[in-house]
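First comes the structure, then the notes that go with it.
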Amino acid sequence: MSFSSDHTLTIIETMENYISSVRPSPEIRSKLDLGYEILDQSVILFEIRPRWRNPDEIIHIPYAKASFVKSKNLWKVYWIRADRKWYPYDPKLTVKKLQDFLNLVDQDKYHAFKG
């Protein structure tokens with residue numbers, strides 16, 4: 001099940017504001033940029049960059065995910081490991097608001113999201 005239209009609009013507004021505040025300067029965006037996608041009940045943050053061995057190919061590398069649990073009205077927080085699987089972010093498994101998730105990613109005290 002996906003988000004309701006109102007909830008989706010709120011998520012898009014929050015994410016667009018966040019991405020515009022953390023994107024690299026325009027001069028380097030062809031080498032590194034940031035983006036997000038809404039997939040089912042989740043919001044995924046990713047890096048956008050050229051593939052190392054084939055710079056003509058642009059890849060998306062996910063690094064943080066929040067999944068909304070409607071029955072509990074909270075977001076579960078995940079990070080991705082080298083095996084490319086999502087794992088619960090053990091220091092803080094859930095947050096109440098999407099903005100709280102984005103704050104966790106920015107702080108990244110345990111270097112789980114961005115290394």
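Residue numbers start at 1 and run along the sequence shown.
Ring centers of Tyr89 and Trp79: at least 6.0 Å apart, outside the cut-off.
Contacts of Val69 classified as side-chain contact (heavy atoms from CB on, under 4.5 Å), with partners at least two apart in sequence or in another chain: Ser71, Lys72, Leu74, Lys76. Not counting sequence neighbours, Arg29 has no partner by the salt bridge (Lys or Arg N to Asp or Glu O under 4.0 Å) test.
Placement of Leu39 and Met15 in two distinct hydrophobic clusters is found when ILVMFWY residues are connected by side-chain heavy-atom separations under 4.5 Å, directly or transitively. Connection of Ile12 to Val43 is established within a shared hydrophobic cluster, with ILVMFWY side chains joined at heavy-atom distances below 4.5 Å, either directly or through further cluster members. Hydrophobic cluster membership differs between Leu32 and Phe113, with clusters built from Ile, Leu, Val, Met, Phe, Trp and Tyr side chains linked at under 4.5 angstrom.
Using a 4.5 Å heavy-atom cutoff, the side chains of Arg84 and Ile61 are in contact. In this structure, the side chains of Ile19 and Tyr36 come closer than 4.5 Å at one or more pairs of heavy atoms. Counting heavy atoms from C-beta outward, Leu45 and Phe101 have side chains that approach closer than 4.5 Å. Using a 4.5 Å heavy-atom cutoff, the side chains of Lys65 and Ile80 are not in contact.
With rounding to the nearest 0.5 Å, the separation of NZ in Lys70 from NE2 in His7 is 9.5 Å. Note that CG of Leu9 and CZ of Phe3 are 12.5 Å apart. Values are rounded to the nearest 0.5 Å. In this structure, CH2 on Trp75 lies 13.5 Å from CG on Leu104, to the nearest 0.5 angstrom. Atom-to-atom distance recorded for Asp56:CG and Arg53:CZ is 15.5 Å, nearest 0.5 angstrom. Interatomic distance, CG of Leu102 versus OG of Ser21, reported as 8.5 Å (0.5 Å rounding). Rounded to the nearest 0.5 Å, atoms CG (Leu34) and CZ (Arg23) are 8.0 Å apart.
Defined by atom type and a distance below 3.5 Å, a donor-acceptor pair is present between the side-chain atoms of Tyr18 and Asp106.
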Discussion item. Checking Asp108 against Tyr63 for the side-chain contact (heavy atoms from CB on, under 4.5 Å) test, could you report, in this order, the C-alpha distance in whole Å, the side-chain angles of both residues, the deciding distance, and whether it holds?
Written reply: CA-CA 11 Å; Asp108 200 11; Tyr63 62 88; over 6 Å; no

Item to complete: Take Phe68 and Asn73, measure what side-chain contact (heavy atoms from CB on, under 4.5 Å) needs, and give me the verdict at the end.
Response: CA-CA 7 Å; Phe68 187 67; Asn73 196 31; 3.3 Å; yes

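Listed for the Ser42 side chain is no donor-acceptor partner under 3.5 Å among the backbone atoms of Ile38. Under the 3.5 Å distance criterion, the side-chain polar atoms of Asp83 are matched with a main-chain donor or acceptor of Lys85.
In terms of heavy-atom proximity, Glu37 sits nearest to Phe46 at N-CE2, 3.7 Å. In terms of heavy-atom proximity, Ala64 sits nearest to Val105 at CB-CG2, 3.8 Å.
Classification of Asp33 and Arg49 as a salt-bridged pair fails, no side-chain N sitting under 4.0 Å from a carboxylate O.
Around the OH atom of Tyr87, the shell of radius 6.0 Å holds more than 12 heavy atoms that belong to other residues, nucleotides or ligands. Summarising the local packing, CD of Glu13 is surrounded by 12 or fewer heavy atoms from other residues, nucleotides or ligands at distances under 6.0 Å.
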Please set out all donor-acceptor pairs under 3.5 angstrom arising from side-chain atoms of residues 91-99, sequence neighbours excluded.
{"residue": "Gln99", "atom": "NE2", "partner": "Asn103", "partner atom": "OD1", "Å": "3.2"}

